[in-house]
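Okay, so here's the structure we're looking at.
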Protein chains: 2
Amino acid sequence: MHQYYQQEDRQLVAVDCVIFGFDKGLLKLLLLKRNFEPGLGKWSLAGGFLQRKESLVEAADRVLCKLTGLKDVFLEQLYAYGNPARDPGERVVSVTYFALLKVEDYYKDLVIENGAHWQAIENIPELLFDHGEMVEKALCRLRLVAKSQPIGFELLPAKFTLPQLQSLYEAIYQKELDKRNFRKKILSMDLLDKLDEKDKSSSKKGAFLYRFNTEKYKELVAKGFYFSLDI
Amino acid sequence: MHQYYQQEDRQLVAVDCVIFGFDKGLLKLLLLKRNFEPGLGKWSLAGGFLQRKESLVEAADRVLCKLTGLKDVFLEQLYAYGNPARDPGERVVSVTYFALLKVEDYYKDLVIENGAHWQAIENIPELLFDHGEMVEKALCRLRLVAKSQPIGFELLPAKFTLPQLQSLYEAIYQKELDKRNFRKKILSMDLLDKLDEKDKSSSKKGAFLYRFNTEKYKELVAKGFYFSLDI
DNA sequence: CCAAAAGTGTTGACCGTACACCCATGA
DNA sequence: TCATGGGTGTACGGTCAACACTTTTGG
């Protein structure tokens, strides 16, 4: 390969992942204790350096997989941070991705093994470098995306109840929603299949379980359908 | 400064600018003929490499200024492209920015001096590398942003008529809009000051000139006001 | 039998859209 | 005087938000 651009500066490029999970009615963020300098001991996002032969999203996948063992998560690029002083160790350009995970039980162990921790978003500690800013932007994006895509289903188990789904949206928007209006909107999308089972873990009466119909969703998206879950 | 990250790969980082202008009722894109390999002779966006001591947006400002002589333009980060094969010369991560310019006359000369060219967006030629993809994404963003911000004013002279403003929005959305509804929406924002002058360059009757009230706009934004120009 | 959560409809307000005619003036 | 583009108002339909009571059942 020719060296066309020989005289130009080369930089470290990193990816940092803002990973949201939903557990027991709380929206949570995955944080790690940094175990090297600079910034040793601080809470930080899951990050790593871009390698020569991988794309940005591949790097994000690799970092995420290393940390949680998971592949095939909803992963979206957020923003590139390039302030020359943002990392005091060396100039690093960082591209952030955000991901939504179901916080399932086997997961928690995996995450704890890796020294990671799920922190409720109402109560995020001070973070490494500009990671706090990254989280702010990710929350804005999450709210925006949740409006135009039925995104909630990435954060819930395959079968879920409408009250569970509602409390997820309430966690994302940090406000209470009207039960009747919420159901009307969600069901009018016609993307949920009602099952014959009930979940009785949170009430005596029990709530019907639903399943997201991925085929219908793909079909509609292919037709250019645009969702607007104005909540 | 310590070398904390010594063993990591370093990469070329570029910025590419998607620059829109509005001229004679047409939305246009600024393109350059590439004058070096790889890709010599192809139409491309205005781009350059990130230097060690500047931030990403400073690099975009520098590139834009070098090309057009202008500072203080509306400049927003779009997306980072990191496919390892996107530039056949060497692996380059590119961060795109988009900018909106008033295409004023002294500009055209400047742009032509630099070998650049304003091309109507309905008729963009094949572009270098993944620049076509970048332009697609920028158009989507432009439409999105135009909905939530009175962005049009960046693309028009300080004094403009409502028919001019409307034809700009028609160019952005590529569809005709109803005159009465458009006026109603725009004027209901209460951000335009009607002047006593008329512009008679495009009709005998003449159209009243308006000026965008930046102070009112800043005030409203500071109060957290959210515009939704659903057009 | 009662506490606690699930489930269910209607109304009014607002907003977006569709639509047609008069006005001012330079040529 | 007429052709051209500028300017104006109303009525309909759909969507969002507010709101209260009944149902089920385990304890």
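The figures here come from the full heavy-atom set of this structure, side chains too, leaving out hydrogens, waters and symmetry mates. Note that the structure is a prediction, hence the values are computed from the model and not measured.
- Ring centers of B/Trp43 and B/His117: under 6.0 Å apart, within the cut-off.
- The NZ atom of A/Lys28 sits 11.0 Å away from atom CD1 of A/Ile124, with the distance rounded to the nearest 0.5 Å.
- Judged as a side-chain contact (heavy atoms from CB on, under 4.5 Å), and not counting sequence neighbours, the contacts of A/Glu58 are A/Glu54, A/Ser55.
- The separation between B/Lys184 atom NZ and D/dA11 atom P is 12 Å, rounded to whole Å.
- What separates NZ of A/Lys185 from P of C/dG9 is a distance of 18 Å, to the nearest Å.
- With rounding to whole Å, B/Asp199 atom CG is found 9 Å from D/dG6 atom P.
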So which protein nitrogen or oxygen atoms get under 3.5 Å of nucleotides 2-5 of chain C's nitrogens or oxygens?
none

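- Distance NZ (A/Lys179) to C1' (D/dC21): 10 Å, rounded to an integer number of Å.
- Between B/Phe129 and B/His131, the ring planes lie perpendicular to each other; the angle is over 60°, past the 30° to 60° tilted range.
- By the 4.0 Å N-to-carboxylate-O rule, A/Arg86 lies close enough to A/Asp130 to be salt-bridged with it.
- Summary of the strand contacts: B/Thr161 and A/Arg180 both lie near DNA chain D, and taking for each the nucleotide with the nearest heavy atom, the more 5' one is attributed to B/Thr161.
- One interatomic measurement links the two molecules: CD of B/Glu170 to C1' of D/dG5, which rounds to 14 Å at whole-angstrom precision.
- Spacing between atom CZ of B/Arg183 and atom C1' of D/dG9 amounts to 13 Å, rounded to whole angstrom units.
- Residues that satisfy the ring pair (Phe, Tyr, Trp, His ring centres under 6.0 Å) test with B/Tyr81, not counting sequence neighbours, are B/Tyr79.
- Ring-centre distance between A/Phe212 and A/Tyr217: below the 6.0 Å cut-off.
- Residue order along DNA chain C, read from the 5' end via each residue's closest nucleotide, puts B/Asp178 first among B/Asp178 and B/Gly206.
- Atom-to-atom, CZ of B/Phe208 to P of D/dG5 comes out at 19 Å; the value is rounded to the nearest Å.
- As a whole-Å value, the separation of A/Met189 CE from D/dT15 C1' is 16 Å.
- Side chain of A/Asn181, nearest nucleotide from C/dT25, C/dG9, D/dG6: C/dG9.
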